[in-house]
Amino acid sequence: MSSVKIECIVNENCKIGESPVWEEKESSLIYVDISGKKICRWNSFTKQVQSVSVDAPVSCVALRKSGDYVITLGTRFAALKWKDQSVTTIVHVDKDKPNNRFNDGKVDPAGRFFAGTMAEEIRPAVLERHQGALYTLFPDHSVVKHFDQVDISNGLDWSLDHKTFFYIDSLSYSVDAFDYDLQTGKISNRRNMYKLEKEESIPDGMCIDTEGKLWVACYDGGRVIRLDPETGKRIQTVKLPVDKTTSCCFGGKDYSEMYVTSACQGMDDELFSRQPRAGGIFKITGLGVKGIPQHSFAG
C-alpha cells in the first residue's frame with residue numbers, strides 16, 4: 001500500500017471536473033468541466049491541455065466508434081467533432097423540465113450510451129429533488145427512459161460478465177446494482193450494494209477494475225474507495241489532497257494508472273487557500289490493479 005503515489009497532472013481549477021475517459025489512440029485523457037462549459041484533452045506525452053468550449057453545461061464525454069466523441073450538453077445528447085470544434089444535437093430529453101441538465105454517463109459493452117439527468121444545483125448538492133431520470137441513447141439514435149424520480153444521476157458501470165449494471169443516485173448515498181440484459185439494454189431487479197459511511201460523504205463517479213471491483217469517487221469525502229460487489233464491503237481507501245473528488249477512470253498504456261477529476265465550485269477563499277489544487281486532475285499510480293478500456297458509442 002505504501003507504493004501508492006498521487007500526482008496533480010493538470011493544475012487548472014476546473015469548476016466541476018468530471019467524466020474522465022482514457023483515449024488510447026491519442027494517449028490522452030479526455031474530461032469535461034461541467035459549469036466551465038468545456039471539454040478538455042490532456043496529452044500524456046506533451047502534458048498540454050486542449051479544450052473545446054460549448055454553449056451549455058457539458059456533463060460527460062464518451063468515445064465514438066466512428067471517431068471523435070459523444071457528449072451530454074444541457075439536456076441533449078450530442079456529437080462533438082474535435083478538429084472543427086463543432087457540436088451537433090442528436091436528441092433532446094426532459095423538454096418539459098427547463099431547469100434540468102444531464103450529469104454522468106457511460107457507454108455499455110454493446111455500444112449504447114447511458115446517461116442521467118438532474119435539476120440544476122442551487123449550491124453544490126443542493127437542488128430540487130426527484131427531477132432527474134436515467135436514459136439510454138441507442139446506436140440508431142432512439143432513446144429509452146429507464147426510470148425517473150432521480151436526484152443526482154451519477155456513477156455507472158457494468159460487471160465484467162456484463163450481467164450486472166451498477167448505478168449511483170448521489171443523494172441516496174448508495175451504490176446500487178441491477179440485473180443487466182446485454183442483448184436488449186434492459187435493467188431490472190434494483191438492489192442496494194453499498195451504503196456510504198458518513199466520512200465518505202457523497203458517492204459520485206465510478207469505474208471498475210480487472211478484478212471486478214468498483215472504484216467510487218467521494219464528493220466532499222476527498223477520496224476514492226474500492227468496493228467488492230460480491231460482499232458489499234469497502235476494501236480500500238485512497239485519500240486525495242482535495243475534498244471535492246468527482247470521478248475516476250483507469251488509463252495509461254497498460255491501464256494501471258487511475259485518473260481522478262475534482263471540483264472547486266462552491267468553495268470559499270479560506271478552503272481554497274488550503275486546497276489550491278481543487279479542480280485539478282490527479283493521477284494515482286501503484287494501486288496494484290488495472291482497469292479496462294472504456295467502450296465506444298456504436299452510433
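Bear in mind the structure is a predicted one, so any value in this text is a computation, not a measurement. Basis for what follows: all heavy atoms, side chains included, without hydrogens, waters or symmetry-related copies. Numbers for residues simply follow the sequence, beginning at 1.
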Is any NZ, NE, NH1 or NH2 atom of the basic residue among R129 and D151 found under 4.0 Å from an Asp or Glu carboxylate oxygen of the other? yes
If you measure from the Lys or Arg side-chain nitrogens to the Asp or Glu carboxylate oxygens, is any gap between K244 and D220 under 4.0 Å? yes
Between D55 and K38, does any side-chain N to carboxylate O distance fall below 4.0 Å? no
Test K106 against D157 for salt bridge (charged side-chain N to carboxylate O under 4.0 Å, His left out), laying out the working first. CA-CA 7 Å; K106 197 167 277 182; D157 217 328; 3.3 Å; yes
With a 4.5 Å heavy-atom cut-off, do Y219 and I152 have their side chains touching? no
Out of the candidates R234, R223, K195, only one should pair with E200 under the side chain to side chain donor-acceptor pair (under 3.5 Å) rule; please name it. R234
Can a side-chain donor-acceptor contact be found between R41 and N43 if the only test is distance below 3.5 angstrom? no
Salt bridge or not for K145 and D94, using N-O below 4.0 Å? no
Residues at least two apart in sequence or cross-chain that pass salt bridge (Lys or Arg N to Asp or Glu O under 4.0 Å) with K83, listed by chain then number, are none
Applying the 4.5 Å side-chain criterion to the ILVMFWY set and letting contacts propagate, would V107 and L134 be lumped into a single cluster? no
Do E257 and Y259 pair up side chain to side chain, a donor and an acceptor below 3.5 Å, judged on atom types alone? yes
With a 3.5 Å cut-off and no angle check, do the side chains of T72 and S59 form a donor-acceptor pair? yes
Quick one: does any side-chain atom of T89 pair with a main-chain N or O of A78 as donor and acceptor, under 3.5 Å? no
Apply ring pair (Phe, Tyr, Trp, His ring centres under 6.0 Å) to F250 and W22, showing your working. CA-CA 7 Å; F250 284 93; W22 183 256; over 10 Å; no
Any side-chain heavy-atom pair from V260 and I281 closer than 4.5 angstrom? no
Does a donor on one side chain sit under 3.5 Å from an acceptor on the other, for N99 and Q131? no
So, E121 and R101, do they make that salt bridge, N to O below 4.0 Å? yes
Can you list every side chain to side chain donor-acceptor pair (under 3.5 Å) pair that touches residues 201-213, not counting sequence neighbours? N154-D204, D209-W215, D209-R226, E211-R226
Pick one: which of K239, M258, M206 meets side chain to side chain contact (heavy atoms under 4.5 Å, CB included) with V224? M258
Could you tell me whether R190 sits above the aromatic face of F147, with NZ or CZ closer than 6.0 angstrom to the six-membered ring centre and within 45 degrees of the axis? yes
For atom CZ of R123, decide whether the heavy atoms of other residues, nucleotides or ligands shown that lie under 6.0 angstrom number more than 12. no
Check whether the side chains of S174 and N192 place a donor and an acceptor atom closer than 3.5 Å, and report yes or no. yes
When you compare the side chain of D104 with that of L156, does any pair of heavy atoms fall below 4.5 Å? yes
With a 4.5 Å cut-off on side-chain heavy-atom distances among I, L, V, M, F, W and Y, is there a chain of contacts connecting F166 to I225? yes
Compute whether any side-chain donor of one residue and acceptor of the other, for E197 and Y173, lie under 3.5 angstrom apart. no
Charged N-O contact under 4.0 Å between R64 and D68: no
With F77, which of F113, F138, Y135 fulfils ring-ring contact (aromatic ring centres under 6.0 Å, His included)? F113
